[in-house]
J.: 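Dropping the structure in here first, questions after.
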Amino acid sequence: MSLVVHRIGPACTVQDQGRSGYLDQGLSRSGAADIPALHEGAALLGQSPSHAALEMAGMGGEFEATQNTRVALTGAPMQASIDGSPIAWNASHLLEQGQRLVIGATLQGNYGYLHLGGGINTKVFLGSRSTHLTAKIGRPVQVGDTIPKGTDTGETGMKLRPDERFSGGLLRVVQSFQTGLFDDTTLDRFTSTEFKRGARANRMGMQLESEGEGFAAKGQLNILSEVITPGDIQMTGTGNPFILLPECQTTGGYPRIATVLPCDLPRAAQTPAGGTLRFEFVTLEEAVALQSACRAELARLPNRVEALVRDPHDIPDLLSYQLIGGVISATD
């Protein structure tokens, strides 16, 4: 056993890096919306990024430890405390038996992650522990659930400087199957337009809004349904772009103007409602280099971990510490 759930947001699910190799059977990858957050949590706890974590969409919850448990918090920053004392985000902490961890609403971004030392030890299905709601694999975490953890030993009190990927920005894209159906004027307008994330968004996809007319392709009503993947940008009948996310369908007939690079997809998923996004086309060669650089940066995360220095204001029993032991006279 590990954490008993006393309160939980409506869209909290267990996620790892997802399932691959099942597109031909109609099952998309699923997995964490923010894969770097899994690597950050693993670096903070000194374990593998293949471990599953709790993905919290917009709101966290209240959790009680049934045994001493190492935890780490990454992804979109949220308010967090242990037994009422605030704790740092993007850091690891020890949750002692009987203590309660409370995680509030996101302060920036959309998806926060709660990691356990040893990982979340739920049932593996098709090589992954990821919940896939649209495929009815698993379900959201509910009040009264116990979140089990794997075998664990290690230290806590570590921190990482977070990336800035929670407020929108530039997304690099490559050409997709139907990019050639959009004329040069439309493509130029697409890359020069500032989009805002609309209110319609979930783990399947996110709608973008912009000023002016929509983006239409030639002969788009004659496009046959074919395979699609996370990162594809579909243009609906109204000309509004949708960026497809981890739980997207596996086939579709809307024209795709471009595909977001996997290394930039977490930035898209973490863009809050009203946040702005722009697009830039890169070549396939550039995309491969950017993706390789991203993987290398994730591999270096354990080397970026630092000791977490606590603020004295956040230590309720500060006076119980021996703070002056070993001090000697400067005149002796």
Side-chain angles (χ1 to χ4, degrees), residues 13 15-39 49-50 55 110-111 125-137 165 170-182 187 190-191 195 197 200-208 215 217 220 223-236 240-271 277 279-295 298:
T13 57
Q15 299 293 343
D16 55 22
Q17 298 197 40
R19 300 171 182 86
S20 59
Y22 296 97
L23 281 178
D24 62 335
Q25 300 178 51
L27 183 63
S28 54
R29 176 178 63 82
S30 188
D34 185 352
I35 293 294
L38 296 183
H39 287 262
S50 64
E55 181 179 273
N110 296 303
Y111 297 99
F125 179 73
L126 296 178
S128 171
R129 291 185 168 88
S130 284
T131 301
H132 194 316
L133 296 179
T134 55
K136 300 188 183 303
I137 298 173
R165 60 179 185 273
L170 180 68
L171 302 180
R172 281 81 58 92
V173 298
V174 293
Q175 291 190 8
S176 190
F177 286 129
Q178 288 90 38
T179 302
L181 298 181
F182 295 85
L187 292 174
F190 175 71
T191 55
F195 294 93
R197 175 171 172 162
R200 296 180 61 190
N202 55 26
R203 283 178 44 83
M204 292 183 66
M206 50 185 282
Q207 183 185 26
L208 302 183
F215 300 83
Q220 64 183 44
I223 295 173
L224 298 177
S225 290
E226 57 187 3
V227 63
I228 56 177
T229 62
D232 281 349
I233 306 173
Q234 288 186 322
M235 289 297 179
T236 62
N240 288 110
F242 268 82
I243 301 178
L244 302 183
L245 296 176
E247 283 188 21
C248 66
Q249 66 275 27
T250 56
T251 62
Y254 287 119
R256 285 162 288 172
I257 194 169
T259 300
V260 178
L261 302 191
C263 57
D264 282 1
L265 202 52
R267 178 180 295 276
Q270 291 284 20
T271 300
L277 290 166
F279 297 97
E280 177 183 71
F281 278 97
V282 297
T283 66
L284 286 177
E285 293 76 15
E286 291 170 329
V288 169
L290 289 167
Q291 196 63 29
S292 296
C294 176
R295 286 194 294 267
L298 293 178

J.: What distance do Leu277 atom CG and Ile243 atom CD1 have between them, rounded to the nearest 0.5 Å?
T.: 6.0 Å
J.: Side-chain contact test, heavy atoms from C-beta onward, threshold under 4.5 Å: evaluate it for Met235 versus Leu181 and give yes or no.
T.: no
J.: Could you pull out the closest heavy-atom pair between Leu244 and Leu265, with the gap in Å?
T.: O-CD1, 4.1 Å
J.: Ignoring hydrogens, what is the shortest heavy-atom contact between His39 and Pro49? Give both atom names and the distance.
T.: ND1-CB, 3.6 Å
J.: Is there a donor-acceptor pair under 3.5 Å between the side chain of Glu55 and the backbone N or O of Ala33?
T.: yes
J.: If you take all heavy atoms of Asp34 and Gln270, which pair is closest and at what distance?
T.: OD2-NE2, 2.9 Å
J.: So do Ser176 and Ile233 actually touch side chain to side chain, heavy atoms under 4.5 Å?
T.: no
J.: Determine the minimum heavy-atom distance between Leu23 and Ser28, stating which atoms define it.
T.: CD2-CA, 4.1 Å
J.: Between Val282 and Val174, is there a side-chain heavy-atom distance shorter than 4.5 Å?
T.: yes
J.: Which residues satisfy the side-chain hydrogen bond (donor to acceptor under 3.5 Å, both in side chains) test with Gln178, sequence neighbours excluded?
T.: Glu226, Arg256
J.: Without hydrogens or angle criteria, can the side chains of Thr229 and Arg29 be said to hold a donor-acceptor pair below 3.5 Å?
T.: no
J.: Using a 4.5 Å cut-off on heavy atoms from C-beta on, say whether the side chain of Thr134 contacts that of Asn202.
T.: no
J.: What salt bridge (charged side-chain N to carboxylate O under 4.0 Å, His left out) pairs are there with at least one residue in residues 18-27, not counting sequence neighbours?
T.: none
J.: Thinking salt bridges, do Arg172 and Glu286 make one under a 4.0 Å N-O criterion?
T.: no
J.: If we only count heavy atoms from C-beta on, is the Phe125 to His132 side-chain gap below 4.5 Å?
T.: no
J.: Using only atom types and a distance under 3.5 Å, with no angle test, would you say the side chain of Ser30 pairs donor to acceptor with the backbone of Gly18?
T.: no
J.: Does Phe279 have any ring-ring contact (aromatic ring centres under 6.0 Å, His included) partners at least two apart in sequence or in another chain, and if so, which?
T.: Phe190, Phe195
J.: Are the side chain of Asp16 and the backbone N or O of Ser128 linked by a donor-acceptor pair below 3.5 Å?
T.: no
J.: Please round to the nearest 0.5 Å and tell me the distance separating atom CZ of Arg129 and atom OG1 of Thr13.
T.: 14.5 Å
J.: Is there a side-chain contact between Thr191 and Glu280 (heavy atoms, below 4.5 Å)?
T.: no
J.: Okay, side chain of Gln175, backbone of Gly180: is any donor-acceptor separation there less than 3.5 Å?
T.: no
J.: Which heavy atom of Gly31 sits nearest to which heavy atom of Pro246, and what is that distance?
T.: O-CB, 3.7 Å
J.: Determine yes or no for a side-chain-to-main-chain donor-acceptor pair under 3.5 angstrom, with Thr179 supplying the side chain and Ile257 the backbone.
T.: yes
J.: Rounded to the nearest 0.5 Å, what's the gap from CG on Leu133 to CZ on Arg203? Could you check?
T.: 7.0 Å
J.: Just wondering, do Thr259 and Asp232 contact through their side chains at under 4.5 Å, heavy atoms?
T.: yes
J.: If we only count heavy atoms from C-beta on, is the Met206 to Asn110 side-chain gap below 4.5 Å?
T.: no
J.: Could you measure the distance from the OG1 atom of Thr131 to the CD1 atom of Ile137? Nearest 0.5 Å is fine.
T.: 9.0 Å
J.: On a heavy-atom basis, which atom in Ala269 and which in Arg197 lie closest, and how many Å separate them?
T.: O-NH1, 3.0 Å
